[in-house]
Amino acid sequence: MVKPARAHAPGVIRMAAIQMASGPNVSANLAEAERLVALAAAGGAKLVALPEFFAIMGNKDTDKVAVREEVGKGPIQKFLAAAAKKHKIWLVGGSVPMACDNPKKVRNSCLVYDDKGKLVARYDKIHLFGLDLGVEHYQEEKTIEPGDQVVVLDSPFGRIGLSVCYDLRFPELYRAMRDVDIILVPSAFTATTGKAHFETLVRARAIENLAYVIAPAQGGYHLSGRETHGDTMIVDPWGVVLDRLPRGSGVVMAGINSAYQASLRKSLPALKHRTLDCSHIRIKGKAIK
């Protein structure tokens, strides 16, 4: 369900986060993404964010390598550019498997397109997920090459910081972004780790950075047998969950209020109270590296 567009106070802009349960067929996933993006745009969203690997959740880890795309080429990037332009929205391709120098790996890249369909930012996921819980095993490093650059971009909605899924567990990444207004965290959390930690981590990143967090997610059962947690949500700078979708495909929407955010930062200027730069902390005379 999508909430209908309605009048908002000046400075309030509608944002949307999309939840999917993607499968191994790229064209089928793109068709579902187009349907959900259209719903979000019809609901008045000006920025719409898709989840991690929205275009492919393969039967095996190497499936995404087989559909990797070169910069500016391929059906996934073509879809994102066309949808952003068609609906006149800023569109975040939660993550796209992009080619890298290693032919057996991809970069897990979050791509941002403006309302004219132009690519305006790319972030390559830095932290690669690894988990061994006996019956559950994940080693992203086998098929993904990590990025090494923090990415922040200016937009009509404020300064946006980009991250992907497992990055959520590393608060130093968000501190390195400095004063961002909106944080994007497209994800595909496992059912196990998501149930335990996803909401807590999303709300923590919002609170400590006094930022809105938009967290579109994979949510449901996949043909590979994998289950993802879902619980797509948008959280305000006070840590309040404005809207969420526990499971299944759909659209989460909320208003981003810059005046409200500014008032919180004035009342609680925690961002100005930061005194530690961890890269310069010394313990017993030795720098931490």
Side-chain angles (χ1 to χ4, degrees), residues 18 20 22-34 36-37 47-58 60-129 140-157 159-167 173 176-177 180 182-188 214 216 218:
I18 288 174
M20 299 176 65
S22 302
N25 187 296
V26 171
S27 37
N29 294 326
L30 294 183
E32 175 68 352
E34 166 58 30
L36 294 169
V37 168
L47 183 147
V48 180
L50 290 155
E52 183 180 25
F53 285 130
F54 69 94
I56 183 166
M57 291 284 285
K60 54 185 184 298
D61 288 343
T62 53
D63 286 354
K64 62 181 174 288
V65 180
V67 300
R68 65 192 183 277
E69 296 187 355
E70 299 287 343
V71 177
K73 300 177 182 179
I76 303 173
Q77 293 171 84
K78 182 179 179 181
F79 158 75
L80 290 168
K85 184 176 181 180
K86 174 184 177 181
H87 296 291
K88 297 181 175 60
I89 58 171
W90 281 56
L91 182 58
V92 181
S95 76
V96 177
M98 299 293 289
C100 61
D101 291 338
N102 187 332
K104 295 182 179 180
K105 295 186 178 185
V106 298
R107 288 290 183 106
N108 191 1
S109 304
C110 180
L111 306 180
V112 182
Y113 292 79
D114 68 13
D115 54 5
K116 295 179 176 61
K118 178 184 177 183
L119 179 65
V120 292
R122 169 181 169 175
Y123 165 73
D124 294 344
K125 184 178 181 181
I126 292 174
H127 301 98
L128 302 185
F129 181 52
E140 287 189 335
E141 64 181 13
K142 287 187 174 182
T143 55
I144 297 175
E145 180 181 272
D148 60 4
Q149 298 292 320
V150 178
V151 176
V152 176
L153 67 146
D154 291 317
S155 79
F157 326 112
R159 284 174 57 78
I160 299 175
L162 302 181
S163 62
V164 176
C165 200
Y166 193 49
D167 285 329
L173 170 64
M177 294 176 180
V180 290
I182 301 167
I183 291 170
L184 282 162
V185 195
S187 298
I214 301 173
Q218 294 281 349

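Scope of the values below: all heavy atoms of this structure, side chains included, with no hydrogens, waters or symmetry mates.
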Quiz item: Pick from Lys64, Lys104, Lys105: which one makes a side chain to side chain donor-acceptor pair (under 3.5 Å) with Thr143?
Solution: Lys64
Quiz item: Where the side chain of Glu141 meets the backbone of Pro146, is there a donor-acceptor pair that is under 3.5 Å apart?
Solution: no
Self-check item: Ser109 side-chain N/O to Asp124 backbone N/O, donor-acceptor pair under 3.5 Å
Solution: no
Practice problem: Considering non-hydrogen atoms only, spot the tightest contact between Pro186 and Pro51 and give its length. | Solution: CB-C, 3.9 Å
Quiz item: Is any side-chain heavy atom of Val48 less than 4.5 Å from a side-chain heavy atom of His87?
Solution: no
Quiz prompt | Separation between CD of Gln149 and CD1 of Ile126, rounded to the nearest 0.5 Å | solution = 7.5 Å
Quiz item: Does the Gln77 side chain pair with the main chain of Lys73, one donor and one acceptor, at a distance under 3.5 Å?
Solution: yes
Quiz item: Got a second to check how far Leu184's CG is from Leu50's CG, nearest 0.5 Å?
Solution: 11.0 Å
Quiz item: Within the distance-only criterion (no hydrogens, no angle test), does the side chain of Glu69 pair as donor or acceptor with the backbone N or O of Ile76 below 3.5 angstrom?
Solution: yes
Quiz item: Which heavy-atom pair separates Ser163 from Met177 by the least distance, and what is that distance?
Solution: CB-CE, 4.5 Å
Self-check item: Pairwise side-chain contact, Ile144 with Val106, heavy-atom cut-off 4.5 Å (strictly under)
Solution: yes
Quiz item: Side-chain donor-acceptor pair under 3.5 Å between Asn108 and Tyr166, yes or no?
Solution: no
Quiz item: So which heavy atom on Pro24 is nearest to which on Ile56, and how close?
Solution: O-CD1, 3.9 Å
Quiz prompt | Straight-line distance of Asp114 CG to Lys88 NZ, nearest 0.5 Å | solution = 12.5 Å
Quiz item: How far does CG of Leu119 sit from CG of Leu91, to the nearest 0.5 angstrom?
Solution: 11.0 Å
Quiz item: Would you say the side chain of Val151 lies within less than 4.5 Å of the side chain of Val112, judging by non-hydrogen atoms?
Solution: no
Quiz item: Between Asp61 and Lys142, does a side chain to side chain contact (heavy atoms under 4.5 Å, CB included) hold up when you go through it step by step?
Solution: CA-CA 9 Å; Asp61 288 343; Lys142 287 187 174 182; over 6 Å; no
Quiz item: Angle class for the Trp90/Phe157 ring planes (parallel below 30°, perpendicular above 60°, tilted otherwise)?
Solution: perpendicular
Practice problem: Starting from the C-alpha separation in whole Å, work towards a yes-or-no answer on side chain to side chain contact (heavy atoms under 4.5 Å, CB included) for Asp167 and Tyr123. | Solution: CA-CA 12 Å; Asp167 285 329; Tyr123 165 73; 2.6 Å; yes
Quiz item: Taking atom CZ of Arg122 and atom CZ of Arg107, what is their separation to the nearest 0.5 Å?
Solution: 7.0 Å
Quiz prompt | Exercise: identify the closest heavy-atom pair between Ala84 and Tyr113 | solution = CB-CB, 3.9 Å
Exercise. For the pair Glu52 (side chain) and Gln218 (backbone), establish whether a donor and an acceptor sit closer than 3.5 Å, ignoring hydrogens and angles.
Key: no
Self-check item: Value rounded to 0.5 Å, distance of OG in Ser187 from CZ in Phe129
Solution: 11.0 Å
Quiz item: Is a side-chain N or O of Glu32 found less than 3.5 angstrom from the main chain of Ser22, in a donor-acceptor match?
Solution: no
Exercise. Could you pull out the closest heavy-atom pair between Asp154 and Arg159, with the gap in Å?
Key: OD1-CG, 2.9 Å
Quiz item: Looking only at heavy atoms, which two atoms of Gly23 and Asn29 are closest? And how far apart?
Solution: O-ND2, 2.7 Å
Quiz prompt | Residue pair Leu47, Ile160: steps toward the side chain to side chain contact (heavy atoms under 4.5 Å, CB included) verdict | solution = CA-CA 11 Å; Leu47 183 147; Ile160 299 175; 3.7 Å; yes
